[in-house]
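The next block holds one structure in the form of structure tokens; read it before the comments.
Just so we're on the same page: letters track the sequence lines, and every chain starts at 1.
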Amino acid sequence: MTTTLDPDLADQIGLPGTFAATACTNCGVCTAVCPAGLDLLPRRLMHLVLLGAADRLRAETETIYSCLLCGLCEEQCPAGVRITDTMRALRHYCNRTTFGL
Amino acid sequence: MSEPSPADRRIGVYVCSCGGNISDYVDVPQVIERVRDEPGVVVARRAMFTCSDATQQEIIADIRQQRLDGLVVASCSPKLHTETFRAVARRAGLNPYQYTQVNIREQCSWAHTDDHDGATGKAIGLVRAGIARTARTRPLEPITVETVPRALVIGGGITGLRAALALADLGLGVFLVEREATLGGWVGGFGAMFPHDRDGRTLIAGLVDRVRAREEITVFTGAEVVSRSGSFGNYRAGIRVSGTGTGIGANGGPDPKTAESITVEVGAVLVATGFDTYEPGEGELGYGQGGVLTLPQFKTLVDATDGPLTHQGRPVRTIAYIYCVGSRQPHGTPGANEHCSRFCCTATVHTALRVSARDASVRQYHLYRDMRSYGKYELLFDASRRAGSRYLKVVDDQPPEVAAQDGPAGGLTVTAHDALAGGEELALPVDLVVLVTGAVPRANEELTGVLKIPVGTDRFYNEIHPKLRPVETVVDGVTIAGACQGPKTSIEAVTSGLAAVAQSAAILKRGHAELDPLVAVVDPLACGWCDRCQDSCPYGAIGRAKRGESEVAVIDETVCKGCGGCVPVCPRDAIDLHGYTDTQITSMIDGLAEAVA
């Protein structure tokens with residue numbers, strides 16, 4: 001299935017000012033340390049947000065709400081990406097778009 | 001000529017173990033034992049590393065104390081260490097041409113790792129052959145040639161311009177030949193360039209002003225080098241000036257404004273002919289349709305305005321860059337450009353940063369194969385990500401596709417599999433596609449033929465040694481610099497240009513140069529001039545001269561490369577090659593045959 005990208009997605013999500021995922025180098029440390037074993041691990045989730053894969057994100061509510069917000073990935077991230085803040089913003093986004101809240 | 005007979009010679013033989021490279025397969029003590037009684041041998045030793053300073057000192061001491069008149073080192077390929085041990089001989093007062101390098105590594109131990117006895121027997125034969133040759137050597141002196149204190153620089157891009165100035169700074173005369181009507185090359189057409197954002201056009205304008213102001217430099221534009229004759233240190237180059245020559249007639253040369261074809265005399269030639277950019281094929285990744293540009297075309301678009309980017313009247317809000325177009329093509333495809341073009345990753349990242357700085361809301365997607373913004377340019381890559389550029393990794397067997405969008409709005413859709421998104425197929429709606437095209441070798445067949453510079457399988461010019469002789473070619477006095485040798489950034493190109501200047505000046509500033517005396521000589525008493533040797537010479541080194549009533553062949557020893565091609569064709573055996581005389585070669589065969597028997 002082809003996912004069409006929406007370049008303005010990051011703006012629509014209203015990511016926090018501390019969001020720094022543009023600095024993500026896809027090193028995979030976040031994925032390695034994640035204790036929750038998420039279906040869609042942090043680095044790939046961050047990448048989809050950056051690219052603007054809106055449809056894919058909206059289909060990933062299970063992952064987005066399963067995150068423990070423990071911050072282990074954020075502690076280890078060499079690029080200083082605010083992963084938990086981004087998770088919270090994504091929940092707001094899903095609340096608005098997927099669940100109409 | 002009274003020469004000592006081989007048995008009366010005083011030869012030192014050193015057999016190297018090469019730290020096991022040789023001694024793991026060849027029984028070195030046995031080799032020593034079997035050659036120490038050869039005629040003329042007075043010293044025979046083994047060494048762990050003959051090229052080490054300690055062993056070199058030992059050899060020097062032997063030469064002096066034992067009054068050696070010949071030296072044999074059996075070690076690696078002559079390509080590696082002939083000059084090393086010639087220098088050892090020279091330091092000890094022995095004529096360096098009485099030294100013989102015997103190759104028992106590449107041509108023996110490494111080739112016969114499965115047969116130790118066979119390897120040892122072969123090594124004994126090779127060393128015997130080397131001893132036999134050495135016993136028939138006599139002192140030779142280098143050929144000294146006067147050099148003309150001027151250089152010919154071919155190519156007026158950033159490399160050629162900077163090299164011309166550096167040669168002039170050293171007090172050398174320069175003829176600078178540019179094929180195009182104006183100087184400056186690629187850089188002369190660029191705006192801001194990485195890494196420091198300086199404008200290429202401004203850089204070139206400054207260089208051209210400085211070049212024009214120098215009396216030592218004569219510039220020919222719209223001109224090509226069409227012939228080369230003479231030899232190292234004294235080349236005559238024919239320059240065809242079409243259109244407007246703009247030289248200043250210095251160096252006593254003719255005024256090129258009026259000359260259509262002129263000849264200049266130079267001691268060295270510096271080739272800086274640069275590269276071409278890859279031109280995508282029609283339809284390759286959408287090339288040919290509106291909104292698909294190459295990197296140089298895109299840079300021109302960005303340079304053209306300080307305002308918002310537009311293309312064909314449409315605002316540019318989203319851009320997709322597709323990397324490695326025309327570079328790193330699959331191995332095995334005929335004519336494939338398998339090389340990485342080095343500068344394109346960084347040039348694209350830098351251009352994307354300029355776009356972001358102008359309007360941060362422009363969305364930029366980079367579809368890369370591997371990011372090679374190496375060294376300090378990594379910081380630009382990092383900055384571009386922070387400025388909002390998005391990077392997608394495409395894999396080689398699933399290249400992106402570019403298609404026009406349906407509907408009146410125009411625009412393009414790039415479809416790609418992003419490895420970072422788990423290989424998902426993503427569709428990017430964009431306004432502009434930039435094909436990141438790299439460097440390809442210039443079509444310069446005529447010049448290549450004139451200068452006889454070797455061309456590699458990649459079709460770029462070849463240096464002698466990529467590390468130790470990176471700008472010299474096998475043609476003495478002809479150096480290569482810049483991107484004619486392979487893709488380079490402008491920084492690397494100028495660096496190699498200045499290296500070529502240093503190599504050229506090393507010859508020209510001394511006023512004379514020394515050539516190997518290993519050249520062919522004609523015995524005029526035996527020669528009956530039949531022209532067969534002249535036909536056989538690939539270098540045009542053989543002419544004829546009157547000798548009394550008859551004519552004989554004469555060899556220009558500054559042009560002769562000592563290839564030996566003329567020796568066997570002579571029906572009267574009138575030609576011999578210094579350092580490889582018939583007597584020496586025959587004795588080497590005897591030495592080998594004796595060991596085999």
Side-chain angles (χ1 to χ4, degrees), chain A residues 1-32 34 37-60 62-64 73 77-83 86 90, chain B residues 315-321 349 352-353 355-356 359-368 370-371 373 378-379 381-394 398 400-401 403 405-407 411-432:
Chain A
M1 199 194 84
T2 307
T3 305
T4 300
L5 302 186
D6 174 1
D8 298 319
L9 177 71
D11 289 346
Q12 289 167 24
I13 293 176
L15 291 165
T18 51
F19 174 73
T22 47
C24 171
T25 57
N26 274 283
C27 70
V29 165
C30 53
T31 300
C34 182
L38 300 180
D39 287 348
L40 192 66
L41 289 151
R43 86 177 138 151
R44 200 162 284 170
L45 196 65
M46 293 299 128
H47 190 60
L48 292 175
V49 173
L50 283 174
L51 293 182
D55 296 344
R56 275 290 272 113
L57 273 179
R58 282 198 289 268
E60 289 296 340
E62 195 63 33
T63 303
I64 290 167
C73 51
C77 177
V81 179
R82 312 306 299 170
I83 299 172
T86 306
L90 282 173
Chain B
V316 176
R317 305 297 309 153
T318 49
I319 304 168
Y321 302 94
V349 165
L353 268 171
V355 170
S356 293
D359 181 352
S361 70
V362 175
R363 309 292 179 187
Q364 303 186 79
Y365 293 103
H366 301 251
L367 283 69
Y368 69 95
D370 293 294
M371 279 311 292
S373 50
E378 179 73 4
L379 302 184
F381 172 53
D382 198 45
S384 81
R385 284 187 293 116
R386 290 177 193 280
S389 272
R390 310 288 193 244
Y391 287 85
L392 292 78
K393 179 170 170 61
V394 295
Q398 288 178 312
E401 288 172 20
Q405 279 171 19
D406 295 332
L412 299 152
T413 300
V414 179
T415 315
H417 295 268
D418 178 13
L420 300 177
E424 281 188 51
E425 186 171 272
L426 305 174
L428 292 73
V430 295
D431 300 314
L432 207 62

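Chosen from B/V430, B/L426, B/T413, the residue pairing most often with chain A at heavy-atom distances under 4.5 Å is B/L426.
Distance check, rounded to the nearest 0.5 Å: CG of B/L428 to CG of A/D6 gives 11.5 Å. Note that the OG1 atom of A/T2 and the NE2 atom of B/H417 stand 7.5 Å from one another [nearest 0.5 Å]. A distance of 14.5 Å separates CE of A/M46 from CG of B/L420, quoted to the nearest 0.5 Å. Annotation: the span from A/R44 atom CZ to B/E424 atom CD amounts to 8.0 Å, rounded to 0.5 Å.
Side-chain contact check for B/Y391 versus A/L50: every heavy-atom pair is 4.5 Å or farther apart. Between B/R390 and A/L5 the shortest side-chain heavy-atom distance does not fall below 4.5 Å.
For the pair A/D8 and B/R363, the tightest heavy-atom approach, listed with the atom from each and the gap, is OD1-NH2, 3.1 Å.
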message: Using the rule given for side chain to side chain contact (heavy atoms under 4.5 Å, CB included), can you reason through A/N26 versus B/K393, listing the C-alpha separation, both sets of side-chain angles and the distance that settles it, and then say yes or no?
response: CA-CA 11 Å; A/N26 274 283; B/K393 179 170 170 61; over 6 Å; no
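The local environment of CD in B/E401 is sparse, with at most 12 non-hydrogen atoms from other residues, nucleotides or ligands closer than 6.0 Å.
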